Amino acid sequence: MLRRSFIKKTTAGSLALASFPLIPISQEKEYSIVELMGKTDIKLYGEGINLREEAHNAFVEMKRAAYSAGFDMKIVSSFRDYYRQEAIWERKYIRYTEEDGMKPIDAIDKIIEYSTIPGTSRHHWGTDIDIIDGYPKSSGDVLVPEKFEEGGPFAPFKKWLDANSEKFGFHLVYTDSVIRRGFKYEPWHYSYAPISKPMLTQFRSKNIFRLIQNETFEGSEHFTTGFLKNYIQDNILGVNPDLL
Ligand SMILES: [Zn+2]
C-alpha cells in the first residue's frame, strides 16, 4: 500500500520520471596501462557503434530519444586504437614538416589543435564519440564547429544534445569555455562519463609523463619536458569539469 501511494505521488507530481536516475552506477574496475593507452583489444559492442557495453547501451537509448525528436544520430568516430592514432599523428607530422616546411615544434603545436599524441586519446577508451545528425545534407568535412552553430546544418541537433545528452551520461568534452585550455572547441565530441571519469582518474594516477616519453614515433624526439608537462595539464586535463 505504502509503495503504491508513493509511485502514484511521484508520477503525478512534477518530479515525474526526472527524479529516477537513468544512469547505472559503474562498478569500480581496474584499467591496465595498455587499455588506457589503446594498446590492447577491448570488447566493443554495436555495429558502427564500437563502444564498451555500458556506453553502447546508453548510446542506443540516446539515439532512440534523438530519433523521436527528429534526428538521425550518427557516429563519425568512436573507438580508435593506439596504432590508428599513431598513423593519424605521423601523417600530419610528415605533411606539415616535409610538404609545408614547418619547424618540428610548430608542426606539433598545429597537430595538437585537434589531434592527440598517440596513447593519450580519449577515443582509446571505448567511451567517447564524435557525432552528427545524418539527416541534413552537408558537403565537405562534417566535424567543423561552424556546422554546429546557428545557421549550420547541425545547429538544431546540437541544441537537442545540449538539453538531453547528459540524461544519458554523455558529456561534451572540449567545451567552448573561455577558461578551458588545450584542444579547440569540439561541439561533436561526447564522452560517457560513468566510465570515462574513472578511466581518466586511473590514467592520471599512472606516470603519464614517463609513458609518453617512452614512446617513439615521428616527431616524438622533439617533445621537451616543458611541452609534455603543458600537454598533460592543458590537453589531457583540459576537459569539461564534469569529466574530472
Ligand atoms: Zn573526438
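This is a predicted model, so every value here is computed, not measured. When a ligand or atom number is given, it counts from 1 through the structure's own listing order.
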- For Q85 and T116, indicate whether the former's side chain and the latter's backbone hold a donor-acceptor pair under 3.5 Å. yes

- Centroid separation Y174 to Y185 less than 6.0 Å: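 Centroid distance Y174-Y185: not below 6.0 Å, so no.
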
- Is it true that the side chains of D242 and H171 contain a donor and an acceptor less than 3.5 Å apart? yes

Please set out all donor-acceptor pairs under 3.5 angstrom arising from side-chain atoms of residues 218-226, sequence neighbours excluded.
residue: S220; atom: OG; partner: F217; partner atom: N; Å: 3.0
residue: S220; atom: OG; partner: F217; partner atom: O; Å: 2.8
residue: E221; atom: OE1; partner: G219; partner atom: N; Å: 3.3
residue: T224; atom: OG1; partner: F227; partner atom: N; Å: 3.1

- Item | Within-2.8 Å protein N/O/S contacts of the Zn ion (ligand 1) |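 Within the sphere that stays under 2.8 Å of the Zn ion (ligand 1), the protein atoms of type N, O or S are H123 NE2, D130 OD1, D130 OD2, H189 ND1.
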
- Stacked cation flag K147 on F154, 6.0 angstrom / 45 deg: no

- Can you hop from L51 to Y67 via hydrophobic side chains spaced under 4.5 Å?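 Shared cluster, no.
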
